[in-house]
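Some notes on the structure that comes next.
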Amino acid sequence: MARRRRRRRPPWWLLVLTVVAVVAIGILLTSGRGSSKPRLAVRAADVPAAVRAVEAKLGGTQRFTDINATAVEVNVFVAGDGATETAWRFAGGRLDAPGAPAATPADHGAFSLDGVALDRAEGIARAAVASFPDATLTRFALLRDGDGAGAVVWSVALRSSKGGLILVKYTAAGELIGADLR
């Protein structure tokens with residue numbers, strides 16, 4: 001009569017390691033799903049903190065020529081004497097030393113933050129992205145409209161999946177003005 005061979009059980013630690021690996025893979029595969037706030041491609045939420053940091057460093061309210069958010073930083077351009085501006089970089093919760101004053105581009109008029117809803121920056125960026133879900137947010141800025149002499153606006157640029165540019169503008173208070181397809 002042939003002897004029946006008993007199957008050996010794997011060691012207990014190997015079973016525990018397998019369970020841990022399966023759980024970890026499951027968490028990695030499902031992380032981020034179901035989130036009501038997808039991650040933005042720019043640091044719009046850091047705009048208020050960046051402005052506060054610059055104004056604290058300079059000792060009070062300032063006039064600006066451009067405030068824009070990228071994927072890694074917020075750039076704050078402070079209007080100087082005459083036709084100059086100084087660039088400040090805010091990244092990782094830190095304000096870096098300013099750049100040397102430079103000539104202000106002709107289409108960047110100086111503005112104050114009177115009536116500007118800085119606390120709505122993230123919401124404005126999210127609203128623009130939600131309006132064009134197949135587009136990628138490429139630029140987010142607060143600046144003077146037109147040739148630098150117009151009203152202060154939030155300007156949001158998105159690149160459509162077909163390659164076109166969508167420029168969405170909001171008032172300084174965060175109300176939608178309109179969108180321009182290019």
Side-chain angles (χ1 to χ4, degrees), residues 32 35-80 84-133 135-160 165-180 182:
S35 171
S36 63
K37 285 187 168 184
R39 188 168 172 268
L40 285 174
V42 298
R43 309 289 304 188
D46 290 346
V47 168
V51 170
R52 282 192 303 272
V54 168
E55 289 186 332
K57 187 76 168 180
L58 296 175
T61 59
Q62 301 296 314
R63 293 185 53 76
F64 304 92
T65 57
D66 185 352
I67 301 170
N68 66 70
T70 70
V72 295
E73 64 195 8
V74 174
N75 298 294
V76 180
F77 294 86
V78 178
T84 64
E85 64 184 14
T86 303
W88 293 79
R89 178 182 181 268
F90 183 83
R94 257 190 35 191
L95 184 65
D96 292 343
T104 302
D107 62 348
H108 284 94
F111 60 90
S112 72
L113 295 179
D114 294 337
V116 174
L118 284 179
D119 60 331
R120 299 217 36 222
E122 181 180 15
I124 290 167
R126 288 190 184 286
V129 169
S131 296
F132 301 96
T136 302
L137 181 61
T138 59
R139 181 167 170 25
F140 181 80
L142 179 66
L143 42 77
R144 281 209 178 270
D145 198 12
D147 61 0
V152 177
V153 296
W154 292 100
S155 176
V156 185
L158 301 108
R159 178 72 56 196
S160 78
L165 182 67
I166 305 164
L167 184 60
V168 186
K169 290 184 183 174
Y170 295 83
T171 66
E175 301 300 319
L176 177 65
I177 295 171
D180 182 23
R182 296 179 184 196

Minimal heavy-atom distance between Ala53 and Leu95, with the atoms involved, is O-CD2, 3.5 Å
Please answer whether the main-chain N or O of Ala71 pairs with a side-chain N or O of Glu73 as donor and acceptor at a distance below 3.5 Å.
-> no
What pair of heavy atoms forms the shortest contact from Ala173 to Arg120, and how long is it?
-> O-NH1, 3.0 Å
Test side-chain contact (heavy atoms from CB on, under 4.5 Å) applied to Trp88 and Leu58, step by step = CA-CA 11 Å; Trp88 293 79; Leu58 296 175; 3.7 Å; yes
Search all heavy atoms of Ala49 against all heavy atoms of Phe90 and return the closest pair with its distance.
-> CB-CZ, 3.8 Å
Does the side-chain contact (heavy atoms from CB on, under 4.5 Å) test come out yes or no for Val129 and Val156, once each step is laid out?
-> CA-CA 9 Å; Val129 169; Val156 185; over 6 Å; no
Roughly how far, to the nearest 0.5 Å, is the OG atom of Ser155 from the CG atom of Asn68?
-> 10.0 Å
So which of Ile67, Val76, Ile124 actually passes side chain to side chain contact (heavy atoms under 4.5 Å, CB included) with Val47?
-> Ile67
Any sub-3.5 Å donor-acceptor pair from Arg144's side-chain atoms to Ala110's backbone N or O?
-> yes
Scanning both residues in full, the closest heavy-atom pair of Tyr170 with Ala128 reads OH-N, 3.4 Å
Quick one: does Thr70's side chain get under 4.5 Å of Asn75's, heavy atoms only?
-> yes
What is the distance from atom CZ of Arg182 to atom CZ of Arg159, rounded to the nearest 0.5 Å?
-> 11.0 Å
Which distance, rounded to the nearest 0.5 Å, do you find between the CG of Leu143 and the CZ of Phe111?
-> 6.5 Å
May I ask you to test the Glu85-Pro105 pair for a side-chain heavy-atom distance under 4.5 Å?
-> yes
Heavy-atom closest pair (Ala44 atom, Ala121 atom, distance to 0.1 Å) is O-CB, 3.5 Å
Counting only N and O atoms by type, is there a donor-acceptor contact under 3.5 Å from the side chain of Trp154 to the main-chain atoms of Lys169?
-> no
How long is the gap from OG on Ser131 to CG on Leu158, to the nearest 0.5 Å?
-> 9.0 Å
Heavy-atom closest pair (Arg43 atom, Val74 atom, distance to 0.1 Å) is O-CG2, 3.6 Å
Hey, is the main chain of Ala157 close enough, under 3.5 Å, to the side chain of Thr138 for a donor-acceptor pair?
-> yes
Under a 4.5 Å cut-off applied to non-hydrogen side-chain atoms, are Phe64 and Glu55 in contact?
-> yes
Indicate yes or no: at least one non-hydrogen side-chain atom of Thr61 is less than 4.5 angstrom from one of Leu113.
-> no
